[in-house]
Amino acid sequence: MRLIRDVLARRGMGAVTTLPGLLVLLVVVGLFLKSRAILAVEPLSRLLFSSAWHPLKGEFGLLPFISGTVWVTVTALVLALPVSILAAIYLSEYAPRWIREAAKPVIDLLAGLPSVVYGVWGVLIVVPFVGGVLAPACGVVSSGYSILAGGIVLAIMTFPTIIHVTLEVFATIPGALRDASLSLGATKWETTRRVVLRKGAQGILAASVLGFSRAFGETMAVLMVVGNVPAVPRSLFDPGYPLPALIANNYGEMMSVPRYDAALMLASLVLMLIVLFFNVLARWILVRVERRTR
Amino acid sequence: MKPLPDARLNRRKRTDRAFRVLALASAAAVLLSLVIILGAILWKSLPALSLSMLTRTPKGGFYLGKEGGILNAIVGSLELAIGATAIAFLLSLPLVLYLNVYKGRASKTAVWTRFFLDVLWGVPSIVYGAFGFIVMLALGLRASLLAGMLTVALLEFPIMSRAIDEVMRLVPRELKEASASLGATRFETAVKVLVRQSAPGILTGVLLAFGRGVGDAASVLFTAGFTDRVPGGLLDPAATLPLAIFFQLGTPFPEVRERAYASAAILTLIILVISLAGRALGRKATRHVVK
């Protein structure tokens, strides 16, 4: 009786275990099936690289949205990477133990705040700041709802991801290596740069890639501050219209225009595939790091 | 006459100090951003924050600045997240137990499953929203509490599984071996030893996922619908707090926008409470833990 129960449990749990893999497959296949309606009529290259977005005329060029996503994400990373890596260096190399311990809940909390809250904050503080202070300072006129505002909000949202992973990577670097460098007369910073950063380079790369994929798919916070104008942006102060925002904004009308839903599903599929790619990349790098440190 | 080495040493020392300050400033900036976010939202929400926000549903013309509260969204969000967390838990626990009891650490199944969980963790919630929408149509459901729960459960599932897995991996092998040597089947070991031993971690993981579920907007946009009433059943549409904030902020009326800030403050407080509860319970629920 107990053995039978054990076998049953084993089968049941084993079945559940196939779920993650199955789910990844299902999402990709499901989105693909739904976007086939548009892939069948338009060549993929035109869908991805045309900037003509006129759903009513049946033109679905995703380029403005793809470039909007890339602009916002790259801006966010340029802002977030130096700050979060330096912050991680401070926490792991310089800070006393109690600060390091106290910083962890703060970082967790920053990671746990809902994206809508970031969005509200962006509208409250970042948008007026960009529109009222930064843009005039650079001699540009901007409403503040811009790529830059989206980038700043996203940067803060990616801090916790990058800091967390970087800290873990730094923790795997043996303390003896640092001691050796210090005992040879290197200053603390020289040790950090030549030993810690060099040893942890791949791990930092992986952290950045993870942060990148986080930022890439972020929807609500960006949607609220980025302006949502379907044109290829030319500068940081232009509004943009990233892919997730496109999907979120048009769910209401997508059933009434032919092939609109398929275009949006294609947008989701593009997002999913890019995220999948970057996740695989980050994993591959991290596995190599782990293998080396063992 | 040898000023050179000294000058160089001084330069090295200056660089060292400069970077030390820079690193400290960066860490402070990260900390400060959290303070600014919380401060700005709480400060801006004060004028509109009132008890009727919490206890009343929106009356006619609420989004034009008339009377009412956001009770519908608070209840909707909590119901949705509780349901989703329950579904996600029912999937996560067996999965994690299977990986830790029946499969070895480095077995192919375990490595691949963890990899797929990480991928799922990285999938943007808007993609879950779109996928949930497809599934919803395929099942013939309308936008409803149930459809929202299923979608959010998908989102929570990898988060919860990975969090529980991380703690269960730490259960010492000796405990499992002791249980086996007493004649327990592996299933009994799983339920009576592993679950109890990692109870605090399980709780933390569940609350982590719950917090995500409460706060996520993009995934429920397509699937949960929106309504001014408190949902009465699983098939009714349900309002959610993040979406209520989003819609309120989208109106041109200052009173309504102020309410959006107040709603954001309420949401932030809920998240804070969940996160603090997670920490406190994680420390407390150690009654059955063998040290």
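We use all heavy atoms of the structure for the numbers below, so side chains are in, but hydrogens, waters and symmetry mates are not. Per chain, numbering begins at 1; letters A, B, ... match sequence-line order. The structure presented is a predicted model; accordingly, all values stated were derived computationally and were not measured.
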Self-check item: Test log, rule side chain to side chain contact (heavy atoms under 4.5 Å, CB included), inputs A/Leu19 and B/Phe157
Solution: CA-CA 10 Å; A/Leu19 205 62; B/Phe157 167 58; 4.0 Å; yes
Exercise. Applying side chain to side chain contact (heavy atoms under 4.5 Å, CB included), run through A/Glu190 and B/Asp16 and close with a yes or a no.
Key: CA-CA 7 Å; A/Glu190 284 160 355; B/Asp16 185 48; over 6 Å; no
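Nearest approach of B/Tyr102 to A/Ala9, heavy atoms of both residues: OH-CB, 4.2 Å. Nearest heavy atoms, A/Ala87 versus B/Ser26: N-CB, 3.7 Å. Taking each heavy atom of A/Gly217 and B/Ile126 in turn, the nearest pair found is O-CG2, 4.2 Å. Contact record, A/Tyr90 with B/Ala23: CB-O, 3.5 Å, taken as the closest heavy-atom pair.
Interface check for chain B: of the options A/Gly122, A/Pro82, A/Pro105, the most heavy-atom pairs under 4.5 Å are formed by A/Pro105. Note: B/Ala130 leads B/Ala29, B/Ala130, B/Gly129, B/Ala138 in heavy-atom pairs under 4.5 Å with chain A. Heavy-atom pairs under 4.5 Å with chain B were tallied for A/Ile107, A/Leu3, A/Thr18, A/Leu26; the largest tally goes to A/Leu26. In terms of heavy-atom pairs under 4.5 Å with chain B, the best-connected choice from A/Leu271, A/Leu23, A/Leu276, A/Leu8 is A/Leu23. The most heavy-atom pairs under 4.5 Å with chain A, out of B/Val214, B/Leu91, B/Leu276, come from B/Leu91. Of the listed residues A/Val117, A/Leu243, A/Thr192, A/Val123, the one with more heavy-atom pairs under 4.5 angstrom with chain B than any other is A/Val117. Between chain A and the options B/Lys44, B/Arg257, B/Arg20, heavy-atom pairs under 4.5 Å are most frequent for B/Arg20. Each of B/Ile271, B/Ile134, B/Val127 has some count of heavy-atom pairs under 4.5 Å with chain A, and the biggest count is that of B/Ile134. Chain A forms more heavy-atom pairs under 4.5 Å with one residue of B/Thr15, B/Asp118, B/Leu22 than with any other, namely B/Asp118. Taking A/Leu269, A/Val7, A/Ile125, A/Leu109 one by one and counting their heavy-atom pairs under 4.5 Å with chain B, the maximum is reached by A/Leu109. Most heavy-atom pairs under 4.5 Å with chain B: of the set A/Asp108, A/Val275, A/Leu124, this distinction falls to A/Leu124.
Between B/Leu95 and A/Pro20 the shortest side-chain heavy-atom distance falls below 4.5 Å. For the pair A/Asp261 and B/Phe133, the minimum side-chain heavy-atom distance is 4.5 Å or more. Between A/Arg10 and B/Phe187 the shortest side-chain heavy-atom distance does not fall below 4.5 Å. Side-chain contact between A/Ile247 and B/Phe222 is present, with at least one heavy-atom pair separated by less than 4.5 Å.
Both the backbone and the side chain of B/Trp121 come within contact range of chain A, with heavy atoms under 4.5 Å apart. Contacts of A/Ile163 with chain B are made by side-chain atoms alone, with heavy-atom separations under 4.5 Å and no backbone atom involved. In this structure, chain A has no heavy atom under 4.5 Å from any part of B/Arg17. In this structure, no portion of B/Tyr128 lies under 4.5 Å from any heavy atom of chain A. Contact of A/Lys188 with chain B is made through backbone and side chain together, with heavy-atom distances under 4.5 Å. Looking at A/Leu31, the atoms closer than 4.5 Å to chain B (heavy atoms on both sides) sit in the backbone and in the side chain alike. Within the 4.5 angstrom heavy-atom criterion, only side-chain atoms of B/Leu249, from C-beta onward, approach chain A. Of the atoms belonging to B/Thr185, heavy atoms from both backbone and side chain fall under 4.5 Å from chain A. Of the atoms belonging to B/Thr109, it is side-chain heavy atoms, and not backbone ones, that fall under 4.5 Å from chain A. Contacts of A/Thr187 with chain B are made by both backbone and side-chain atoms, with heavy-atom separations under 4.5 Å. Contacts between B/Ile36 and chain A at a heavy-atom distance below 4.5 Å involve backbone atoms as well as side-chain atoms. Residue A/Phe278: no heavy atom, backbone or side chain, is found under 4.5 Å from chain B.
To the nearest 0.5 Å, atoms CD (A/Glu93) and CZ (B/Phe19) are separated by 14.0 Å. Rounded to the nearest 0.5 Å, atoms CH2 (A/Trp121) and CD1 (B/Ile37) are 5.0 Å apart. Here the CZ atom belonging to A/Phe159 is positioned 11.5 Å from the CG atom belonging to B/Leu34, to the nearest 0.5 angstrom. Going from atom CD1 of A/Ile152 over to atom OG of B/Ser33 covers 12.0 Å, rounded to the nearest 0.5 Å. In this structure, the separation between CE on A/Met13 and CZ on B/Arg186 is 11.0 Å, given to the nearest 0.5 Å. Taken to the nearest 0.5 Å, the CG atom of B/Leu24 stands 13.0 Å off from the CD1 atom of A/Ile89.
Around atom OH of A/Tyr94, more than 12 heavy atoms belonging to other residues, nucleotides or ligands sit under 6.0 Å away. Residue A/Arg100 places its CZ atom among more than 12 non-hydrogen atoms of other residues, nucleotides or ligands, all under 6.0 Å distant.
Screening A/Leu91, A/Val106, A/Val83, A/Ile156 for a side chain to side chain contact (heavy atoms under 4.5 Å, CB included) with B/Val30, the sole residue that qualifies is A/Val83.
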